Structures are given as C-alpha cells and as structure tokens.
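All values reported here derive from a predicted model rather than from experimental measurement. Excluded from the calculations below are hydrogen atoms, water molecules and symmetry mates; all remaining heavy atoms, backbone and side chain alike, are included.
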Amino acid sequence: MKMLLCGCWRRCVAMSFRLLFLLPAGLPVRSQGESQSDNKQIDNITVRQGETVFLSCSQGDFVSRTAWLNRSSILYAGEDKWSVDPRVSLVGLNQDEFTIKIEDVDLMDEGQYICAVQTRSRPRTTSVHVIVQVPPKIVNLSKDLVVNEGSNVTLMCLANGKPEPVIMWRMLSASDDSLSSDTEVLEIPFITRQRAGTYECSAANDIAVDVQTVELTVNYPPSVSDGRDVGMTLGQRGVLLCEADAVPQADIEWYRDDRRIFNDLDGIEIEDAGAISKLTFFNVSETDYGNYTCVAINKLGSANTSIVLYEIIEPTSSTLLQGPGAVQDGNSGTSTVFTPTCLLLILLLQLLLKF
C-alpha cells in the first residue's frame, strides 16, 4: 500500500509539472528515484505551531519556469500565486533563489514541499519535509469532585501535542510523593480526609507545558473537641465553647439536659462562626449552673460533647481575714489580725522593756 501511494504521488507531481510547464507528453519527466543529480532532498525543517516558515531553493542558470508545490497542489508558479491561502506569500524570486513563506503554521501544513525548476532540457526538483511541532493542550480533564471518605477516586487527564506530551499528576498540598502519577490516570483508593485538596495535571513536551487543576472535596462525619468545664461566679458573663470538624460543615445545637437551647432565650446567646459555636450567659444565675451538651450534625453523622458550668464562690472580707496572721480571742470569738508591721513594733517594744 505504501509503495502504491508513493507511486501515485510521483505520478501526480509529474502530471503537475507537465501541466505547469506545458511540456510535451513525450518529454520525459524524471522522478526523485530516477536521477540523484536532478532531484535532491533538503534537511527537514522543524517549526512550531503559529510561527512562520521560509521555503527556499536555488535557481541557477538557464531556468525558464519555477514553482513551489505542496503535495499535489501548486502554491506558486513563478510570481503567480496559485494558492488561495492568505498565509502563503512570495518572498523573493531571482536568478539565485526562489523563496516563499507560510505564516501562522498549523499542523495541516506539515508534509513534503517541492520546488520544481524547468531548465532547457528537463525539470529539476528540490524537496523538503516540514515538521510542525504543537505545544501541549489538555483536552479532557476530570471535573471538580465531591466524594465521601472511603470512596475510590479516579482522576483523568488527556492532552494533545506534538511531540506527544508527558502527563504528570501531583497533589499540590501533599508533603510527600505518594499522591503523584506519571500517567493519564491517578487512582486514589479508600480516600481519606487528608487527601482532600487541589490536584494538578501537567502536560509537557519539548515546546511548552499546559497545567490545569482539579479540586477534590472529601465529605466526612463530625468530630467534636473535648469540652472544657467552665467555672463562673454569680452575676458574671460566661462563655461555653464547642468546636466541630466536619465536611460539609456541621450544624451545632446546644442542650441543657434533654432540652434544646435556642438563641436569645433567658439571657443566653448562641453565636456560630465556622466550626466554632459559642454559648454566652450575660448574667450567670444559680439556675444556669449544670451540664450542657454540644451536638454537631451533618448528613453523614453526628458527634457530641458535654461541658459543665459550675459556680466559683468569691471570697468575702471575713474570709480574707482568716489566715496565718490571725489570732483567735477565746472569750469574744473574734479574731485579731496582726500585720507584719504590728508584729515588728511588738518585738521592738519587748526589747526596750528588757533594758
């Protein structure tokens, strides 16, 4: 099949020569395989997509007609443009060279180009193969995902480019390389909440790199931090704190025994700020002391913790007088307090009496 196609292509080129140069049917047209002196191959030209490529061949003496061909179509015949492509233009045509250019090169421009020159006796051809390099482009990427903890996750990244790009997956927030892959597919079995985050797919070849990201959200049931008991005196402002970790974010409810507490009830305020909920008592009373329960709930489950609000008794003036320096009067039942200054004066008085 390859030999058949090659033979057809050569016949098309020879026919184009005859039509272009108006050669008699009996005049031989030599193909590339028939004469090494009349036909030559220039080194391949590699150009990046979007750039401009220049195609040039030498003219020499005794040249009557010239043409540039792409496969079997004629681009230029001398100064006459045959191609309808506006990207193709003539750069120079003189006795030394015949040069055209193709702007904004695309992958469809890749292939073999032939410069045909008609001398006095026979045509001469110069061929060059244009190779178009294409920067990588990610064409199929997994969408952002929301999964439950314990699920198996598959991320897909497909890219085009020439040369064929190399695909690389990695987790941006990971501190190790355990969540990376050098293939189009990244498999994460039994995903945990620690694996949630941003995943980056990069497609790279010799020209450039294309990078896109996928956001992976892992849902898990709530967990609540251990409650810390709080002591408050009567009449003061008291606050109980509850912190819950959950995705999606948990709703937090407060209970006193089996009774749910609502906001702005009996001088109590509930304020939620993200994962933290605050239960505030503006004026602690005797009835406020007791056991409170914080319950965190989302669609995957619930968790709770208990906090005790207990009373702290402020010391009175009489209790402050009771201490190491207090002397009890057995008759009156009252105590007399000698401060350090008084004790010093008594000692000095006793020393003076000795003299």
Side-chain angles (χ1 to χ4, degrees), residues 1-135 162-163 205-207:
M1 178 62 74
K2 184 176 180 181
M3 295 179 63
L4 179 61
L5 291 175
C6 184
C8 291
W9 179 81
R10 288 175 178 173
R11 285 195 296 270
C12 289
V13 172
M15 185 177 297
S16 299
F17 289 169
R18 290 193 179 98
L19 292 174
L20 177 62
F21 299 144
L22 302 178
L23 297 176
L27 185 62
V29 178
R30 299 187 182 182
S31 64
Q32 185 174 353
E34 294 174 329
S35 174
Q36 296 295 330
S37 60
D38 293 340
N39 304 278
K40 64 179 181 178
Q41 171 76 38
I42 302 177
D43 292 339
N44 295 338
I45 297 178
T46 300
V47 61
R48 295 183 179 182
Q49 187 182 40
E51 295 182 344
T52 299
V53 62
F54 292 87
L55 304 178
S56 180
C57 68
S58 59
Q59 291 281 76
D61 297 330
F62 312 115
V63 173
S64 58
R65 293 183 179 86
T66 56
W68 267 107
L69 301 92
N70 177 11
R71 304 173 184 91
S72 60
S73 61
I74 301 171
L75 301 178
Y76 263 89
E79 294 182 348
D80 298 328
K81 182 177 180 179
W82 287 40
S83 172
V84 296
D85 193 335
R87 301 174 302 128
V88 181
S89 60
L90 178 65
V91 175
L93 176 59
N94 52 52
Q95 186 176 355
D96 296 325
E97 65 174 5
F98 179 28
T99 302
I100 64 172
K101 71 175 180 180
I102 305 174
E103 299 177 292
D104 193 19
V105 173
D106 204 348
L107 195 58
M108 64 182 181
D109 299 315
E110 185 172 88
Q112 191 169 31
Y113 291 78
I114 295 177
C115 175
V117 176
Q118 177 64 53
T119 64
R120 289 180 177 178
S121 58
R122 58 184 176 271
R124 183 179 72 245
T125 64
T126 301
S127 62
V128 58
H129 194 88
V130 174
I131 300 173
V132 179
Q133 291 184 331
V134 181
K162 190 180 180 195
N205 62 11
D206 296 338
I207 306 173

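- Screening residues 44-57 for side chain to side chain donor-acceptor pair (under 3.5 Å), with sequence neighbours left out, gives Q49-D106, S56-E97, S56-T99.
- The CG atom of N70 lies 15.0 Å from the CH2 atom of W82; values are rounded to the nearest 0.5 Å.
- In this structure the side chain of V53 never reaches within 4.5 angstrom of the side chain of D109, judged on heavy atoms.
- Nearest heavy atom pair, residue L93 against residue G78, reads CD2-C, 3.6 Å.
- Heavy atoms only, all atoms of each residue included: C115 and F98 are closest at SG-CD2, 4.1 Å.
- If you run side chain to side chain contact (heavy atoms under 4.5 Å, CB included) between F54 and each of V47, V91, I102, only V91 comes through.
- Taking 4.5 Å as the limit, some side-chain heavy atom of H129 sits within range of a side-chain heavy atom of Q112.
- Expressed to the nearest 0.5 Å, how far OG1 of T125 lies from CG of L69 amounts to 10.0 Å.
- Residues passing the side-chain hydrogen bond (donor to acceptor under 3.5 Å, both in side chains) test with N205, sequence neighbours excluded: none.
- For the pair S83 and W68, the minimum side-chain heavy-atom distance is 4.5 Å or more.
- Contact record, D104 with R87: O-NH1, 3.0 Å, taken as the closest heavy-atom pair.
- The nearest pair of heavy atoms linking P135 to I207 is N-CD1, 3.9 Å.
- Considering CD1 of I45 and OH of Y113, their distance stands at 10.0 Å, rounded to 0.5 Å.
- Within the model, atoms CD1 of I114 and CG of L75 stand 11.0 Å from one another, a figure rounded to the nearest 0.5 Å.
- Contact of the L90 side chain with the K81 side chain is not registered, since no non-hydrogen atoms from C-beta on lie closer than 4.5 Å.
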